[in-house]
Number of protein chains: 2
Amino acid sequence: MTSAHQAVTAYWAAIEARDWEALAGLVSGNVFYDVPQTRERVQGGEAFVRFCAEGFPGDWHITVERAVGQGQHAASWVRWRPAGDDTQSGLSFFDFGDDGRITRITDFWPEPYEPPANRARLVERY
Amino acid sequence: MTSAHQAVTAYWAAIEARDWEALAGLVSGNVFYDVPQTRERVQGGEAFVRFCAEGFPGDWHITVERAVGQGQHAASWVRWRPAGDDTQSGLSFFDFGDDGRITRITDFWPEPYEPPANRARLVERY
């Protein structure tokens with residue numbers, strides 16, 4: 001049986017390789033994909049693979065910074081590098097079904113922001 | 001020995017309870033705290049506990065949505081609820097030392113954004 005950690009590593013390897021057949025094999029037929037920041041949802045394995053295959057044109061690359069799996073849950077932190085642009089961090093939380101396929105993905109893509117002044121004395125900036 | 005999952009649960013329980021002594025017991029003396037979005041850093045256990053205790057005034061609450069631990073790594077997704085405001089998601093990645101204390105915390109606090117129009121046909125909005 002594939003561990004949650006292995007499944008997440010395989011998930012990002014499939015996306016990096018644009019191997020949509022491999023990606024389809026990792027997600028449940030009724031996978032639920034959610035981006036809370038944009039209130040976007042995709043329901044179903046076919047729709048999700050199409051979203052990945054068609055929603056992000058360009059010569060980007062993904063590298064995995066952390067992947068953590070435990071039982072039927074996992075999380076990852078990746079760096080997304082579009083051609084010529086700055087890298088962006090992506091944070092993803094995964095739930096798995098009994099068959100080891102991904103049933104739910106919640107994705108976050110945070111942007112830079114200016115921190116509140118009241119905590120400036122408590123931190124260093126870099 | 002405390003598992004990474006238990007340590008993360010205890011970390012958020014200490015913060016929710018404003019139990020700074022308990023929090024100090026969970027982090028390494030040379031813990032490194034990093035917020036990539038703001039390029040803020042805090043180095044050392046004492047400075048980190050002071051940052052938590054003094055940096056976030058107000059009557060907020062934290063609930064843990066997911067906590068995943070594996071070996072010397074863990075991740076969590078929490079909801080932060082300031083009094084009267086909308087909730088915000090916080091994503092945290094943790095590394096642990098051999099003594100089970102947290103040595104590194106990387107925090108992300110994503111904000112809402114408008115998704116690119118080119119993928120509108122591939123998603124639902126809610």
Side-chain angles (χ1 to χ4, degrees), chain A residues 3-5 8 33-43 47-57 65-77 79 87-95 104 106-116 118-126, chain B residues 3-5 8 33-43 47-57 65-77 79 87-95 104 106-116 118-126:
Chain A
S3 74
H5 179 272
V8 167
Y33 174 82
D34 183 14
V35 184
Q37 289 170 275
T38 57
R39 305 177 74 84
E40 290 173 294
R41 280 180 183 167
V42 182
Q43 302 198 53
F48 174 68
V49 173
R50 193 164 63 242
F51 169 77
C52 293
E54 300 178 15
F56 306 88
E65 195 69 29
R66 294 284 188 288
V68 188
Q70 180 187 27
Q72 290 183 298
H73 299 284
S76 66
W77 163 19
R79 294 187 195 268
T87 67
Q88 193 180 2
S89 289
L91 301 321
S92 308
F93 286 75
F94 302 86
D95 296 340
R104 187 179 185 106
T106 310
D107 248 12
F108 299 91
W109 295 93
E111 298 276 358
Y113 67 93
E114 272 305 303
N118 75 301
R119 69 190 194 212
R121 68 189 169 81
L122 301 166
V123 303
E124 299 162 27
R125 299 294 296 279
Y126 61 91
Chain B
S3 75
H5 179 272
V8 168
Y33 174 83
D34 183 13
V35 183
Q37 289 170 275
T38 57
R39 305 178 74 85
E40 291 172 293
R41 280 180 182 167
V42 181
Q43 303 198 53
F48 174 67
V49 172
R50 194 164 61 242
F51 169 76
C52 292
E54 299 178 15
F56 305 89
E65 195 70 29
R66 293 284 188 289
V68 188
Q70 181 187 28
Q72 290 182 298
H73 300 284
S76 65
W77 163 18
R79 294 188 196 268
T87 68
Q88 193 180 2
S89 289
L91 301 323
S92 307
F93 287 76
F94 302 86
D95 296 342
R104 189 181 182 105
T106 310
D107 249 13
F108 299 92
W109 294 93
E111 298 276 358
Y113 67 93
E114 273 305 303
N118 75 299
R119 69 190 195 212
R121 69 189 168 82
L122 301 167
V123 302
E124 300 162 26
R125 299 294 295 280
Y126 62 92

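Here is how names work: the chains are called A, B, and so on, in the same order as the sequence lines, proteins then strands, and each is numbered from 1.
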Item to check | Contact check, side chains of A/Glu40 and B/Glu124, non-hydrogen atoms, under 4.5 Å | outcome: no
Checklist entry - Would a 4.5 Å heavy-atom cut-off, applied to side chains only, mark A/Val68 and B/Phe94 as touching? => result no
Item to check | Which of A/Arg125, A/Arg121, A/Glu65 touches chain B most, by non-hydrogen pairs under 4.5 Å | outcome: A/Arg125
Checklist outcome for this item: Counting heavy-atom pairs under 4.5 Å with chain B, the top scorer among A/Pro36, A/Pro115, A/Pro112, A/Gly71 is A/Pro115
Heavy-atom closest contact ([X] atom, [Y] atom, distance):
| X | Y | value |
| --- | --- | --- |
| A/Ala67 | B/Gln70 | O-OE1, 3.8 Å |
| B/Arg119 | A/Thr38 | NH2-CG2, 4.3 Å |
| B/Leu122 | A/Val42 | O-CG2, 3.7 Å |
| A/Asn118 | B/Pro57 | ND2-CD, 3.7 Å |

Next on the checklist: Would you say the rings of A/Trp77 and B/Phe108 are close, in the sense that their centroids are separated by under 6.0 Å?
Outcome noted: yes
Checklist outcome for this item: When the 4.5 angstrom heavy-atom criterion is applied to B/Ser76 and chain A, the contacting part is backbone
Checklist entry - Checking B/Glu54 against chain A: side chain, backbone, both or neither under 4.5 Å from a heavy atom? => result both
Checklist entry - Distance under 6.0 Å and angle within 45° of the ring axis: does B/Arg66 meet both against A/Phe93? => result no
Item to check | Option that, when pairs with chain A are counted at under 4.5 Å, heavy atom only, ranks first among B/Arg39, B/Glu111, B/Glu114 | outcome: B/Arg39
Checklist outcome for this item: chain A shares the most heavy-atom pairs under 4.5 Å, among B/Ser89, B/Gly69, B/Ala74, with B/Gly69
Checklist entry - Got a sec, which residues hit ring pair (Phe, Tyr, Trp, His ring centres under 6.0 Å) with B/Tyr33, two or more places apart in sequence or on another chain? => result B/Phe48, B/Phe51
